[in-house]
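A quick write-up on the structure given underneath.
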Protein chains: 2
Amino acid sequence: MSTQNKRDRLVESAAILFHHNGLSATSLADIAKHADIPIGNVYYYFKTKEELALAAISKRKEQFSAAYRLLDDNLPDPRQRLIEAIRYFDKVSAEYTRYGCPIGKIIDDADTEKDTVAQTAAQVLGDFVSWAQQQFGQLGHNDDAQTYATTLMAGIQGATIMAKASRDESVIKKEMIRLVTWVESLPNKRIQLGKIGMRNVDATAASNAA
Amino acid sequence: MSTQNKRDRLVESAAILFHHNGLSATSLADIAKHADIPIGNVYYYFKTKEELALAAISKRKEQFSAAYRLLDDNLPDPRQRLIEAIRYFDKVSAEYTRYGCPIGKIIDDADTEKDTVAQTAAQVLGDFVSWAQQQFGQLGHNDDAQTYATTLMAGIQGATIMAKASRDESVIKKEMIRLVTWVESLPNKRIQLGKIGMRNVDATAASNAA
DNA sequence: GTCTATAGACCGATAGAC
DNA sequence: GTCTATCGGTCTATAGAC
């Protein structure tokens, strides 16, 4: 088994256990056992627990970014992209009801003003907001794009907590339907390309995303 | 200093530290130090850490219940009661942005299927939902009352996480304005007492709350 | 009732043999 | 690179003097 494999296994086990049991409640011994690697060996790959946690959360960050790229590349309609993103959380509703959102959990658990792990987790939510903002912008809602994007992610996070509290995944399913309905109800205020013969109306929406 | 005073101080210190630093990250030594009580003495009042945590979260539960009673007794309009409840979270936006919601944090942190502390925290959210459901019911939205109440609490929880992630309390303030606007926009579908000469239309809404 | 001292388990992290 | 053994520290919880 290669060195890279063991490192990857450690990161994956850490990500799972942090999600299921929380950051501070998960020990390095737990992670090593889950990855089937002797505890002392962990420190060959990561100098501290924080470093391993950072690698775990960074991996999640990249996975989400890859998902946004996939949506952007395969769906031409920004509205449809948003709806598919919402449907993702519907798909993982059982897992989120049981364990909470892996990102929201870390943000809730740690100090976002000092802890670099929590700050990286916060970036994951920030990435979603930036991406969603871009989609709302492309629907012509330039002024409200950031507010809408934040409301959307807040709706997902809030639904997860309510579902976990009541141990009822239908809470997430109902809230995701509500959010999809909301996104569907938004008018497309964007100037249509064909109708006025412009090629770069997207530029406004794109510059609005940073 | 009386025995009851020391017990109360321990519970209050525990509630504060659990909110600020999290349940599993707060040690009994931290709590004892904050309450200015020797560590060994803690076990005279509480047999285990869980027992102290349960007392702390139960106290919060009662404080919130008292607040609902205060709203019910002083505001005749259920819509106004809901708006005042939302405004509470606007008032504590700075604290929630920094430390998260004291209830949501515990639910996120612990296993709601096994941990009795997390289950009590879940009851606090359940109490809010029941109370809000009653208000929506009294506005005549009997069929949607529970869904509306859950969406409202989810909006508050989600806004808190987004605010903590971005370290920007204006996120909570904006989302609370959105929720107030939403509550204000709901029509009053309730049959008016004076107009049809009935005295007990409330009964339907009240039975809907359980 | 109050407090000191400490047991016993577990934590993150390190040293060093192989 | 890999793993065992273990250190020093902190945790919950207890024993027992006052």
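Chain letters run A, B, ... following the sequence lines, proteins first, then strands; residues in each count from 1.
Atom CG in A:Asn41 sits roughly 15 Å away from atom P in D:dA5 (whole-Å rounding). Rounded to whole angstrom, the span from the CG atom of B:Leu10 across to the C1' atom of C:dG1 amounts to 14 Å. Rounded to whole Å, the distance from OH on B:Tyr45 to P on C:dG1 is 7 Å. Between the CG atom of B:Asn21 and the C1' atom of D:dC11 there is a distance of 16 Å, given to the nearest Å. At whole-Å resolution of the value, NZ in A:Lys33 and C1' in C:dC10 are 14 Å apart. A:Asp36 has its CG atom 13 Å from the P atom of D:dT2, to the nearest Å. In this structure, the CG atom of B:Asn5 is 16 Å from the C1' atom of C:dT2, given to the nearest Å.
For B:Arg81, the salt bridge (Lys or Arg N to Asp or Glu O under 4.0 Å) criterion is met by B:Asp72, not counting sequence neighbours. Under the ring-ring contact (aromatic ring centres under 6.0 Å, His included) criterion, B:Phe18 pairs with no residue at all, not counting sequence neighbours. Residues satisfying the side-chain contact (heavy atoms from CB on, under 4.5 Å) test with A:Lys33, not counting sequence neighbours, are none. The side-chain contact (heavy atoms from CB on, under 4.5 Å) search around B:Ala110 returns B:Asp115, B:Ala118, not counting sequence neighbours. Remark: A:Tyr148 engages A:Phe136, A:His141, A:Trp182 in a ring-ring contact (aromatic ring centres under 6.0 Å, His included) (not counting sequence neighbours).
A heavy atom closer than 4.0 Å to some atom of DNA chain D occurs in no member of residues 105-120 of chain A.
In the set C:dT4, C:dT2, D:dT2, the nucleotide with an atom closest to the side chain of B:Thr3 is C:dT2. The side chain of A:Tyr44 has D:dT2 as its nearest neighbour among C:dG1, D:dT2, C:dT4.
Contacts of B:Phe46 with the nucleic acid, taken as non-hydrogen atoms under 4.0 Å apart, are absent.
B:Lys6 has a side-chain polar atom (N or O) that falls below the 4.0 Å cut-off from OP1 or OP2 of C:dC3.
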All N/O donor-acceptor pairs, side-chain side in residues 93-104 of chain B, below 3.5 Å, sequence neighbours left out:
{"residue": "B:Ser93", "atom": "OG", "partner": "B:Asp90", "partner atom": "O", "Å": "3.0"}
{"residue": "B:Ser93", "atom": "OG", "partner": "B:Glu169", "partner atom": "OE1", "Å": "2.7"}
{"residue": "B:Thr97", "atom": "OG1", "partner": "B:Ser93", "partner atom": "O", "Å": "2.6"}

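For the residue pair A:Ser130 / A:Asp127, no side-chain donor-acceptor distance below 3.5 Å is found, with atom types taken as modelled.
Note on residues 13-22 of chain B: pairs passing side-chain hydrogen bond (donor to acceptor under 3.5 Å, both in side chains), not counting sequence neighbours, are B:Ser13-B:His34.
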| When every nucleotide of nucleotides 11-18 of chain C is labelled 5' to 3' by its protein contacts under 4.0 Å (heavy atoms), B for base, S for sugar-phosphate only, - for none, what sequence of letters results? | SSBB----
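A salt bridge links B:Glu84 with B:Arg87; the closest basic N to acidic carboxylate O contact falls under 4.0 Å.
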